[in-house]
Amino acid sequence: MRQSLAIRLLDNDWAGPGLISLMAIAVISILQPAFLSPFNILVLLSAIAVNMVVALGQLVIIGVGQMNLALGALGGLVAICFVGAIEVLGVPAPLAIVLGLLIGIVAGMANGVIIARTGISAFIITLASLQIFKGINLGITKAQPFYGVPDSVKQFGNTAVFGSIPWLILPAVLGAFCLWYLFRHLRIGRYILALGGNRQAAELSGIDTTGTVIWAHALSGLFAAAAGMMLVARLQIGQPTIGDDWLISSFAAPVIGGASLSGGHVSVAGTFFGVVIIAIITQALVLFSIDPFVVQIVLGGLILWAVGINRFREWRLSKLAIQGA
Amino acid sequence: MTTAASDSATTPEPGAAEVPRPSVTLQVLLSNEFGLAALIAVAVVIFATSLPGFTSPFSLFTLSRQIGIDTMIGLAMMAVIVTGGLDLSVGAIGACAAMFFGFGLEQLGLPLPVAIVFALLLGAGLGAINGITVVRSGVHSFIITLASMSIFFGVMIYLTQAKGFNGLPPGVAAFGRMKLVGPVSVLLVTTLAVCAGLLVLYRFTALGRQMLSAGANARAAELSGIEVGRTLIFCHALTGALAALAGLMLTARTGAAVPSMAGHLGQDWLLPAFLAPVLGGTLLTGGRVSVIGTLLGATFVTVITSGLLLMRVSEFWVQAFLGLMLLAAVLIDKARHTLLRRRGMI
């Protein structure tokens, strides 16, 4: 059983986006040497770290064949609760982080419980919870930011471990590894993908579908919370608007990374390169002083392009598989 | 309803055929529309007696104006929910059409009617682009319209450089202030006319029935000779046109075309767009619409919102409350369906 190189490359979710990332880095650094300056790399990696955690939060839900519109709203809510707890209640920072993560998990679980128990589409439930989280966020802050971010948190978001590697990479790598391990080696990960791939088959094979959906949403909430607090560290301020612009990019990165939106098929490595591509393009627009408004157009175009590529790959794979058989 | 619930407990999973069909009166009483109308009546009575400003002519005027706009946004989404799909880009399309309207009036010097027609055509065109992409690619409308909302809004904000059009002819703002029949805003009257048009479309025209059957069961519709792809594109184009109309109505209300009228990427329209049809009993899986239900849904939301605002509840908490309401609406609807199915009534 020798698989042809074509099949193996096509079968690899991250090969294409990885190649494009490398090419983009090469082209941009030739045109604009400042792109590879240590400071710029630090900025780029910080952005990639935060966006990676955001994308992982959506990736779990895409894996189970659903969508989470409330990801950004939850991230924003946790962000302001985190700073609010420190500033107003005087909670020490480590405890506030735990509190923030707990809020994320519980709120995510609430989404999951309602979706799994009622069978109502995740779209409409998370649209409602988006509004609820955002409303609570604005109700607490009255749309004004919290400024009382402790210095330790600020430093975490803006300094390097060594060279151009920011501390923010740490939670991103940890999160990515855990999710990869979960999908690859843990039962809950296999359940999530089985459920996303074929609900009926998953039910028939005795998988606890309710529990799986709840777990997936709890994980998504955890990632949203982590990303929200990472952004607080990076921005050095508890902005109520944190998370407002996560919707498009949280879907774009996994889709570029080859995730199937009908569920059951995700790639953590592919998502990473999806995040890298988005970050590079966004930065390149700034470096070449192109209108920042173009970012939106490019992001939308990237999603369509990735969806098209994924369809093409499915088609080629099925054709090659037939030929190979 | 309580007796119905206790009855159902004694009936072990009845076959639907054995249970006699409920009478027409009972069907009306159990309908979403009746429930909503009753809720609206209760809310209006409570607010009118407890809040002194609620029934002032000015309050009634702004209420009717808001109902008109929110219903139009809801109808826009309803027209595509028919297909079992959705359109995240309604807000972006509305903003695009409104900005194009402003550009046509201010920069091109188009006469008002021509500018309106062009703006509506632009909306329909953008909707059709969504529809064609969805049909051709076979990808779910969620991801296609997620991308197109970013593209439409991005192109619009790039072309306008995020600057609004403030020098519209006075006729536009005058239309937004105009009253017909007492304190009723002309915007609500416009919406009612569109509702009537949509009722005719879905009830009495071949195209409307094709939309419904394509949404209910695409394969069956295909087999019975309906061009499903073309019908779906029509649905998306109708959504675009209605979103454009909503954008124009909003422009008339503010008297200026501003890019942020529907929030970042037009996301602010998503909640009203889904709230009204879902409250009104439009099925998210497609195949069933309720134009009157959408009107009543938007009315209910607007009455509650303005009541809460008059009670000096902060608008931020009202926002959270609307989310809770959407949640409650779908949960109640689910419970109602389960109950009715158990009783063999649907």
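Letters A, B, ... are given to chains in the order of the sequence lines, protein chains preceding strands, and every chain is numbered from 1.
Heavy-atom pairs under 4.5 Å with chain A were tallied for B/Leu146, B/Leu327, B/Ile144, B/Ile157; the largest tally goes to B/Ile157. When the candidates B/Lys334, B/His140, B/Gln319, B/Glu315 are compared by the number of heavy-atom contacts under 4.5 Å with chain A, B/Gln319 comes out ahead. Per-residue counts of heavy-atom pairs under 4.5 Å with chain A were compared for B/Leu270, B/Leu322, B/Leu265; the largest is that of B/Leu265. Most heavy-atom pairs under 4.5 Å with chain B, from the set A/Leu261, A/Val298, A/Leu299, A/Leu130: that is A/Leu261. Annotation: maximal heavy-atom pairing with chain A below 4.5 Å, among B/Thr338, B/Val139, B/Leu88, B/Thr133, occurs at B/Val139. In terms of non-hydrogen atom pairs under 4.5 Å with chain B, the most contact-rich of A/Leu304, A/Asn137, A/Thr141 is A/Leu304. Of the listed residues (B/Phe321, B/Phe152, B/Tyr158), the one with the most heavy-atom contacts under 4.5 Å to chain A is B/Tyr158. The most heavy-atom pairs under 4.5 Å with chain A, out of B/Leu271, B/Val155, B/Leu86, B/Leu324, come from B/Leu271.
Open room surrounds CD on A/Gln200; 12 or fewer heavy atoms of other groups in view lie less than 6.0 Å from it.
Contact record, A/Phe293 with B/Ala162: CZ-CB, 3.8 Å, taken as the closest heavy-atom pair. The two atoms that bring B/Gly323 and A/Ala128 nearest to each other are O-CB, 3.5 Å, heavy atoms only.
Within the 4.5 angstrom heavy-atom criterion, only backbone atoms of B/Ser137 (N, CA, C, O) approach chain A. Of the two parts of A/Thr118, the backbone and the side chain both hold a non-hydrogen atom closer than 4.5 Å to a non-hydrogen atom of chain B. The part of B/Leu284 that comes within reach of chain A is its side chain, from C-beta onward, which places non-hydrogen atoms under 4.5 angstrom from that chain. Looking at A/Ile136, both its backbone and its side chain come within 4.5 Å of chain B, counting heavy atoms on both sides. Heavy-atom distances place both the backbone and the side chain of B/Leu331 under 4.5 Å from chain A. In this structure, the portion of A/Val255 lying under 4.5 Å from any heavy atom of chain B is its side chain and not its backbone. With a 4.5 Å cut-off on non-hydrogen atoms, A/Leu302 does not touch chain B at all. Heavy atoms closer than 4.5 Å to chain A are found nowhere in B/Met325, neither backbone nor side chain. In this structure, no portion of B/Phe153 lies under 4.5 Å from any heavy atom of chain A. In this structure, the portion of B/Val278 lying under 4.5 Å from any heavy atom of chain A is its side chain and not its backbone. For A/Ala252, no part lies near chain B; criterion is any non-hydrogen pair under 4.5 Å. Only the side chain of A/Phe123 has a heavy atom closer than 4.5 Å to any heavy atom of chain B.
Proximity of A/Gln296 to B/Met156: side-chain heavy atoms (C-beta onward) are nowhere separated by under 4.5 Å. Side-chain contact between A/Asp291 and B/Gln161: present, with at least one pair of heavy atoms (C-beta onward) separated by less than 4.5 Å.
In this structure, the separation between CG on A/Asn310 and CD1 on B/Ile143 is 10.0 Å, given to the nearest 0.5 Å. For the atom pair B/Phe142 CZ and A/Leu69 CG, the distance stands at 5.0 Å (nearest 0.5 Å). With values rounded to the nearest 0.5 angstrom, A/Ile132 atom CD1 is found 8.0 Å from B/Leu326 atom CG. Interatomic distance, CZ of B/Phe316 versus NZ of A/Lys134, reported as 9.5 Å (0.5 Å rounding).
In this structure, a donor-acceptor pair under 3.5 Å is absent between the side chains of A/Asp244 and B/Gln267.
For the side chain to side chain contact (heavy atoms under 4.5 Å, CB included) with B/Ser150, the qualifying choice from A/Ile303, A/Ile248, A/Leu247, A/Val295 is A/Ile248, the only one to do so.
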